[in-house]
Each structure stands twice: as C-alpha cells, then as structure tokens.
Amino acid sequence: MTHFYYTLSQMARIAPYFPMPYGVPRVDDRRVSGGVVYVIRNGILWKDAPKAYGPHKTLYNRVIL
C-alpha cells in the first residue's frame with residue numbers, strides 16, 4: 001500500500017490555510033492532510049484509515065473543524 005503525502009512545495013502553498021496552533025501542539029499537518037485525502041479518494045470510513053496517517057479522530061476533526 002502506498003501512502004499519499006503532499007510534496008514540500010505543495011505544503012508550502014496550502015500551509016497558510018491551516019489554523020495557527022494554540023495550547024496543545026499540532027500533529028504533522030502534512031501527514032494528517034494526506035490522510036484526509038486518502039480517506040476521501042478511496043471512499044473508506046475514517047476509522048479504516050491507515051495508522052500511518054495518525055488517529056482517525058484527528059483526521060475527522062481536521063475536516064469538520
């Protein structure tokens with residue numbers, strides 16, 4: 001299975017759209033955003049996302065919030 005990750009130049013372009021961290025340190029935005037794309041692209045449930053992208057609840061919250 002191959003994982004989806006944005007390239008560094010792609011992340012530099014979309015980074016201004018991520019919220020600023022406050023309180024608790026944020027997990028890697030590149031990893032989590034890749035997980036969101038992976039779930040949407042493959043049409044799977046959030047809980048079925050590979051663990052390499054982080055907790056499924058984090059993926060879900062990044063899309064909803």
Side-chain angles (χ1 to χ4, degrees):
M1 167 185 9
T2 60
H3 297 292
F4 175 84
Y5 290 110
Y6 288 108
T7 63
L8 294 178
S9 62
Q10 289 172 327
M11 273 308 290
R13 291 185 71 188
I14 64 174
Y17 299 103
F18 290 110
M20 297 298 295
Y22 60 94
V24 182
R26 292 172 58 91
V27 296
D28 182 24
D29 287 327
R30 184 175 179 216
R31 181 181 68 162
V32 172
S33 59
V36 170
V37 170
Y38 183 88
V39 168
I40 293 171
R41 180 184 285 175
N42 292 301
I44 61 175
L45 298 174
W46 295 107
K47 66 180 181 174
D48 294 333
K51 298 294 181 194
Y53 293 120
H56 69 276
K57 186 70 172 178
T58 302
L59 300 177
Y60 174 79
N61 285 339
R62 291 283 178 96
V63 172
I64 300 304
L65 301 177

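The first residue of the sequence shown is numbered 1, and numbering continues consecutively from there. Nothing here was measured: the structure is a model prediction, and the numbers come from that model.
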Listed by chain and number, what are the side chain to side chain donor-acceptor pair (under 3.5 Å) partners of Thr7, not counting sequence neighbours? Ser9, Gln10
Using the ring of each side chain (for Trp, its six-membered ring), is Trp46 parallel, tilted or perpendicular to Tyr60, with breaks at 30° and 60°? perpendicular
Which of Phe18, Phe4, Tyr17 passes side-chain contact (heavy atoms from CB on, under 4.5 Å) with Ser33? Answer is Phe18
Residue pairs meeting salt bridge (charged side-chain N to carboxylate O under 4.0 Å, His left out), one or both in residues 36-51, sequence neighbours left out, come to none
Applying side chain to side chain contact (heavy atoms under 4.5 Å, CB included) to Leu8 and not counting sequence neighbours gives Arg30
For Ala15, the side chain to side chain contact (heavy atoms under 4.5 Å, CB included) test, sequence neighbours excluded, returns none
Return the OH to OH distance between Tyr5 and Tyr38, rounded to the nearest 0.5 Å. 11.0 Å
Locate the shortest heavy-atom distance separating Leu59 from Gly35; write the atom from each residue and the value. CD2-CA, 4.0 Å
Listed partners of Val27 passing side chain to side chain contact (heavy atoms under 4.5 Å, CB included), at least two apart: Arg31, Val32, Thr58, Arg62
Quick one: salt bridge (charged side-chain N to carboxylate O under 4.0 Å, His left out) pairs with a partner in residues 10-28, sequence neighbours left out? Arg26-Asp29
If you compare all heavy atoms of Gly34 against all heavy atoms of Tyr53, which two are closest, and at what distance to 0.1 Å? C-CE2, 3.7 Å
